[in-house]
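Contents: one structure, followed by commentary.
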Amino acid sequence: MLGEPASASVHDVGRMQILEREILAIADYERQRLGQELHDGLCQSLTGIAALTVVLSRSLAANAEPGPAAAAAEIVRLLNETIGEARDLAHGLCPVGLNGAGLVGTLDSLARNVSRGQGAFCSFVGDRRCPELRPETTAHLVRIAQEAVRNAITHGRAGEIEIRLACADGAASLSIRDNGVGLLGQRRGDSGIGLHTMGYRARAIGGSLEIAPQPGRGVVVTCAFPLPSSDKSTEGANNVRGP
Ligand SMILES: Nc1ncnc2c1ncn2[C@@H]1O[C@H](COP(=O)(O)OP(=O)(O)OP(=O)(O)O)[C@@H](O)[C@H]1O
Ligand SMILES: [Mg+2]
C-alpha cells in the first residue's frame with residue numbers, strides 16, 4: 001500500500017496531505033486550461049483553415065487544375081488528421097470537463113481511445129450500482145486510470161487492459177488490470193512520479209491505492225474509496241460496455 005513514511009507525526013501527515021492536494025489542484029487546473037485552449041483555440045482555427053482549403057480545392061478542380069486541386073485536397077486530409085490528434089490531446093488533458101460524460105462515460109471513452117490508437121485492447125466494466133460522484137472525485141479517478149493504463153502500455157507492454165469500477169455498501173473500487181510483463185523490482189525508483197501521484201489522488205478522495213502483481217501475469221492497480229452515504233444503492237452489477 002502506498003502511504004506516508006512510518007516516522008511522520010500526525011501533524012506532519014496532515015500538512016503533507018494539504019500540500020499534496022494543493023499541488024494536485026494546481027496541476028489539474030493548468031492541464032484543464034491547456035486542454036480547453038487547445039480545444040477551443042487551435043482546433044477551431046485548424047477547422048476554419050480546413051474548410052477554406054476545401055473551397056480552394058473545389059475551385060481549382062472546377063478550373064481544370066487537377067494537380068493543385070489534388071495538393072489542396074491532401075492538405076485538407078493532413079489538417080483533419082492533425083485536428084483529430086489535437087482533439088484527442090485536448091480530451092486527454094481535460095477528460096471530464098470537455099464532454100461532461102461523468103466517470104462511467106469518461107472511463108468508457110478512455111478504454112475506446114486506447115483500443116483505437118495505442119496497440120492494446122482495453123475494456124471497461126462498469127457497475128450499475130455506482131452513483132454519480134463529485135467532479136473532483138471523478139477527475140482524480142480518471143487521472144488514476146489514465147496513468148495506470150499508460151504504465152501498463154509503456155512498462156508492461158500489455159496487450160490487454162481491463163478497467164473495472166465496482167460499488168457496494170458505501171465503498172467503491174477502481175481497478176486497472178493488465179497482462180503485461182509485470183513489476184520487475186524497480187517500481188519504487190526515484191525517476192517516476194506516476195505511482196506517487198496516483199497515491200496522492202487516492203488519498204485526496206479519502207481512499208487508498210495498491211499496486212500488486214497479478215496472479216499469472218501483469219499488474220493490478222486498485223484504488224479503494226468511500227462513497228458518500230446517500231449514494232449507497234441496491235442494484236446488481238452490470239457490464240457497461242467494452243470497446
Ligand atoms: N503496469 C505496469 N507494468 C510493469 N511495470 C510497471 C507498471 N506500472 C508501473 N511499473 C513500474 O513502476 C515504475 C514506476 O512507475 P511510475 O508511473 O511511478 O513512473 P514512470 O512511469 O517510470 O514515470 P512517470 O509516470 O513519471 O512518467 C515504472 O518505471 C515501472 O518500472
Ligand atoms: Mg508512469
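All ligand and atom numbering here is 1-based and tracks the order in the structure. FYI, the numbering just counts along the sequence from 1. Below, all heavy atoms of this structure are taken into account, side chains as well, without hydrogens, waters or symmetry copies.
Within the 4.0 Å heavy-atom criterion, the part of Val219 lying near ligand 1 is the side chain and not the backbone. For Val181, no heavy-atom contact with ligand 1 is shorter than 4.0 Å.
Ligand 1 does not have Gly180 within reach: every non-hydrogen atom of the residue lies 4.0 Å or more from it. Distances shorter than 4.0 angstrom occur between a heavy atom of Glu147 and an atom of ligand 1.
Atoms of ligand 1 found under 4.0 Å from any heavy atom of Gly182, numbered from 1 in the order shown, are 4 (C), 5 (N). Listed by atom number, the atoms of ligand 1 under 4.0 Å from Leu183 heavy atoms are 5 (N), 6 (C), 10 (N).
Among the atoms of Asn151, an N, O or S atom is found under 2.8 Å from the Mg ion (ligand 2).
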I'd like to know whether Asp28 forms a salt bridge (charged side-chain N to carboxylate O under 4.0 Å, His left out) with Arg33, so could you lay out the CA-CA distance, the side-chain angles of the two residues, the decisive distance to 0.1 Å, and finally the verdict.
CA-CA 8 Å; Asp28 284 346; Arg33 204 179 53 82; over 6 Å; no
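Shown here for Leu165 and Asp127, the closest heavy-atom pair between the two residues is O-CB, 3.1 Å.
Within a 6.0 Å radius of CZ in Arg157, other residues, nucleotides and ligands contribute 12 heavy atoms or fewer.
Put simply, the side chain of Asn151 reaches to within 4.5 Å of the side chain of Met198, judged on heavy atoms. With a 4.5 Å cut-off on side-chain heavy atoms, Arg164 and Leu174 do not count as touching.
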